[in-house]
Amino acid sequence: MTPQGAAVRAERATATEARDPMALRIGGVTPFSTTDWPGRLAAVLFLQGCPWRCGYCHNPHLQPATGPVARDYASTLAWLEGRRGLLDAVVFSGGEPTAQAALGSAMREVADRGFAVGLHTGGAYPRRLDEVIDDADWIGLDVKAPASGYSAVTGIAGSAAAAGASLRLVVASGVDYEVRTTVHPDLVPDDALVRLADELASLGVRRWVLQPFRPTGCADEALIAASPCGTRIADDLVARLRERVPGVDVRD
Ligand code: SF4
């Protein structure tokens, strides 16, 4: 075999290994949740790794791709076997779950065991999202800001393009979904929320959940100082947003 052939074979072997569901890196587990997929009783698997650096992140320990593994996937599947009939669903969350090549095969393993499959994503990897989207029964998609304000939230240039591509994929997929936005007055002020409403409306988004910023668990002192008691979203602003996207809810 030529050196180039050997390199291609090695690369394929590495890719195959990465897609092995047992390679999934799980940084934390919530055994029972009624809030991560509204209307479902779900276990939540928090996957390790996220390329973005949002100041309000409540899971900064999940940002490094190679953080400590809380639970290996084999033992997680065995644990899920014992939850059949007690849980409706498993939600893959993060971190950014689409950062991991093993996500799709892990989602299918869970579906094969009879659980509905939910996915939380910020859309940082639209190509991976495209690969796995048909394996999801529901998607909670974080849309952080209008396109012009994206990098101010994520800290990463180019994040708006990835998030926009993911949003268009989700809307076109036919998979049940909700769009969610964390509202902090410095990051997404009222005029930015109205611009975002216009962007979502132009794509046909009909369900949009606003999550007021909460200082608990936030490590960014400037964000806390700007909203020390948490964000209150005014009723008249919600009414203006509903004129654009009918299904706006505030989730406290
Ligand atoms: S995208 Fe989510 S996990 Fe990643 S830094 Fe932002 S809030 Fe944290």
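Note that the coordinates shown come from a computational prediction; the quantities given were computed from them, not determined experimentally. Ligands are counted one by one from 1 in listed order, and the atoms in each one are counted from 1 as well.
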Using a 3.5 Å cut-off and no angle test, enumerate the donor-acceptor pairs between side-chain atoms of residues 229-241 and protein atoms at least two apart in sequence or in another chain.
| from | atom 1 | to | atom 2 | distance (Å) |
| --- | --- | --- | --- | --- |
| T231 | OG1 | V183 | O | 3.0 |
| T231 | OG1 | S227 | OG | 3.3 |

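- With respect to atom 2 (Fe) of ligand 1, the closest heavy atom belonging to the protein is K144 NZ, 4.1 Å.
- For the residue pair T181 and Q211, no side-chain donor N or O sits within less than 3.5 Å of a side-chain acceptor on the partner.
- Residues meeting the side-chain hydrogen bond (donor to acceptor under 3.5 Å, both in side chains) test with E221, sequence neighbours left out: none.
- Closer than 2.8 Å to atom 8 (Fe) of ligand 1 sit the protein N, O or S atoms C57 SG.
- Between R19 and E131 there is a salt bridge, with a side-chain nitrogen of the basic residue lying less than 4.0 Å from a carboxylate oxygen of the acidic one.
- Contacts of R40 classified as salt bridge (Lys or Arg N to Asp or Glu O under 4.0 Å), with partners at least two apart in sequence or in another chain: none.
- If you look at H120 next to ligand 1, there are no close heavy atoms at all, none under 4.0 Å.
- Below 30°, between 30° and 60°, or above 60°: for Y150 and W52 the angle between ring planes is above 60°, a perpendicular geometry.
- The existence of a salt bridge linking D252 and R214 is confirmed by a sub-4.0 Å separation between a basic side-chain nitrogen and an acidic carboxylate oxygen.
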